[in-house]
Amino acid sequence: MSPTLVLSLVAGYFLVLIVIAMLTSRGATSESFFVANRNAPWYMVAFAMIGTSLSGVTFISVPGNVYGKSWSYLAVALGFVAGYVVIGTVLLPLYYRLRLVSIYSYLEQRFGYWSYKTGALYFLISRSLGSALRLYLVAGVLQLAVFDAMGVPFAVTVVVSILFIYLYTFKGGLKTILWTDTFQTLAMLSCVALSIYFMSDALNYSFKQLVTSVRESSMSQVYFADFRDDKFFWKQFASGMFITIVMTGLDQDLMQKNLSCRSLGEAQKNLFWFTPVIVGVNILFLTLGVLMYQYAAARGLKLTELPQLLNLKGTLDTDKVFPFLATTQFSLTAGIIFILGIIAVTYASADSALTALTTSFCVDFLNIQQYPEARQTRLRQLTHLGWSVVLIVIILIFRALNEQSLIDAVYKAAGFTYGPLLGLFAFGILTGRQLRDRLVLPTCTAAVLLTLLIVSHSVEWLNGYKFGFEILLLNGALVYIGLLLISRPADAVPQPANLTA
């Protein structure tokens with residue numbers, strides 16, 4: 001595939017996004033930037049959330065991971081359903097009752113200043129790391145497909161990619177993103193479906209043969225045998241449930257979209273329609289993964305012997321397989337569709353993440369709502385630029401350090417950084433106790449460090465047990481126990497009314 005062609009596609013794609021941004025950001029204010037004036041149609045929010053929830057990690061890593069982990073990720077996707085039920089029935093009613101802009105301001109009303117800042121701080125760490133990892137993925141694909149051949153350094157690719165996101169989001173914020181993410185979700189879903197079609201056609205599969213081939217493949221296995229295995233079904237299911245609760249329900253990024261709906265009822269309708277769709281889309285990605293390796297085998301490709309697909313340890317880097325096949329083995333049309341798909345899904349996630357980081361920092365740390373609108377605009381745009389720079393730095397650091405599949409990297413990082421949010425919100429909702437507020441940050445930090453120690457030695461300490469995505473559960477439980485130790489009965493301190501579910 002010609003680098004000039006790919007570059008033209010990327011430029012044309014971003015031109016469309018900038019046009020959408022220009023049309024939707026007219027008359028934008030801080031309220032439209034943060035919550036789209038609380039007037040977004042539920043069906044638009046539901047559709048836009050698909051692209052935001054998935055990201056380039058799903059597009060690349062979930063299909064790639066079937067090589068070593070088969071369909072074990074299906075259990076995670078099914079766990080999403082239970083997580084969304086908790087969000088829709090417990091968290092959304094709480095957020096709407098308090099009319100929150102930043103969901104972490106709940107912690108201030110429930111516990112106090114330091115609890116609030118701790119929750120917001122861990123969100124900023126979590127989302128900046130997660131978004132940087134996702135952007136690293138698409139920057140790597142663009143580097144492989146375009147910029148390596150042109151002699152452009154990876155750092156330049158990263159800066160240009162994030163600059164484009166800044167340009168179409170800095171003014172309109174969420175009001176713009178609901179439109180751009182709707183467009184990008186449509187592009188992404190079309191690309192997945194067409195990629196499956198093109199590979200099935202190349203293998204001469206009918207639809208029935210496609211289903212049979214995937215079902216009978218050893219790569220579609222789900223693991224129930226050994227609970228110590230990090231692929232064990234019920235561990236993965238529980239992890240998927242709690243990952244959803246924290247990475248959607250306790251995450252300003254996804255909740256910012258839900259809070260833009262006109263009412264609680266519409267927000268719940270959005271979430272419950274979105275739930276079966278997101279599970280179905282993940283099944284499509286797993287199907288794509290099995291098909292991808294069958295396609296490579298049919299073409300006589302020994303992926304584990306190709307130097308460009310190996311990591312520093314000399315083993316297959318499964319995150320590179322789909323990009324390699326799409327840019328070197330697929331037809332020109334299929335390759336173009338892949339490039340558009342990976343760009344669409346990654347930027348649908350990254351643009352809303354950048355907006356959420358800006359929102360949280362402005363509301364939670366700058367207290368931006370106390371200023372006149374003109375000053376709010378200046379502070380908001382400077383903050384937006386600042387977070388763009390932070391993402392660039394994190395991506396370059398990750399480029400130098402990463403050796404593992406990105407789907408593992410993202411969720412394992414989330415286990416450590418979202419654990420304090422899970423513990424704090426669970427303690428606030430499930431108990432009526434108050435906290436010694438100044439001890440909250442050191443308590444949460446100690447729990448993260450203790451989790452890291454346990455996970456690092458689990459094989460020798462816990463009879464061969466390997467932690468997977470359930471790192472989050474361990475961390476959240478340790479935070480909860482720590483908060484219990486620094487808590488006191490509610491009647492010992494005056495408590496604001498109606499803040500517990």
**Request:** Search all heavy atoms of Ile337 against all heavy atoms of Ser195 and return the closest pair with its distance.
**Result:**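 So the two residues come closest at CG2-OG, 4.3 Å.
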Applying ring pair (Phe, Tyr, Trp, His ring centres under 6.0 Å), name anything that partners [X], two or more places apart in sequence or on another chain.
X      : answer
Phe123 : Tyr104
Tyr116 : none
Phe164 : Phe14
Phe242 : none

**Prompt:** What residues form a side-chain contact (heavy atoms from CB on, under 4.5 Å) with Met255, not counting sequence neighbours?
**Reply:** Ile87, Leu92, Tyr95, Ile103, Thr248, Asn258
**Message:** Holding to side-chain contact (heavy atoms from CB on, under 4.5 Å), I want the full list of residues that pass it with Leu474, two or more places apart in sequence or in another chain.
**Reply:**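 Scan of Leu474 (side-chain contact (heavy atoms from CB on, under 4.5 Å), adjacent residues dropped) gives Thr451, Ile454, Val455, Phe467, Leu478.
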With a 4.5 Å cut-off on side-chain heavy atoms, are [Y] and [X] touching?
X      : Y      : value
Tyr418 : Leu250 : no
Leu78  : Val279 : yes
Val152 : Val160 : no
Leu422 : Asn475 : no
Phe285 : Asn65  : no
Asn282 : Leu286 : no
Ser388 : Leu354 : yes
Met241 : Val86  : yes

**Item:** Worked check of side-chain contact (heavy atoms from CB on, under 4.5 Å) between Ile429 and Val90
**Value:** CA-CA 9 Å; Ile429 292 170; Val90 177; 4.1 Å; yes
Can you tell me how far apart [atom1] ([X]) and [atom2] ([Y]) are? Round to the nearest 0.5 Å.
X      : Y      : atom1 : atom2 : answer
Trp387 : Ser360 : CH2   : OG    : 8.0 Å
Leu100 : Gln109 : CG    : CD    : 6.5 Å
Phe111 : Arg433 : CZ    : CZ    : 10.5 Å
Arg127 : Met247 : CZ    : CE    : 6.0 Å
Ser263 : Lys269 : OG    : NZ    : 8.0 Å
Ser487 : Leu439 : OG    : CG    : 11.0 Å

**Request:** Describe, in one word, how the ring planes of Tyr106 and Phe425 are oriented to each other, choosing from parallel (under 30°), tilted (30 to 60°) and perpendicular (over 60°).
**Result:** parallel
**Request:** List the steps, then state whether side-chain contact (heavy atoms from CB on, under 4.5 Å) holds for Ile162 with Ile395.
**Result:** CA-CA 11 Å; Ile162 294 181; Ile395 291 170; 3.8 Å; yes
**Message:** Under a 3.5 Å threshold, yes or no: a donor from one side chain and an acceptor from the other, between Thr445 and Tyr122?
**Reply:** yes
**CA sep, side-chain torsions, deciding dist, call: Leu357, Leu124, side-chain contact (heavy atoms from CB on, under 4.5 Å)** = CA-CA 6 Å; Leu357 288 166; Leu124 293 176; 3.8 Å; yes
**Item:** Pair Ser105-Val363, side-chain contact (heavy atoms from CB on, under 4.5 Å): steps then yes or no
**Value:** CA-CA 9 Å; Ser105 56; Val363 174; 5.9 Å; no
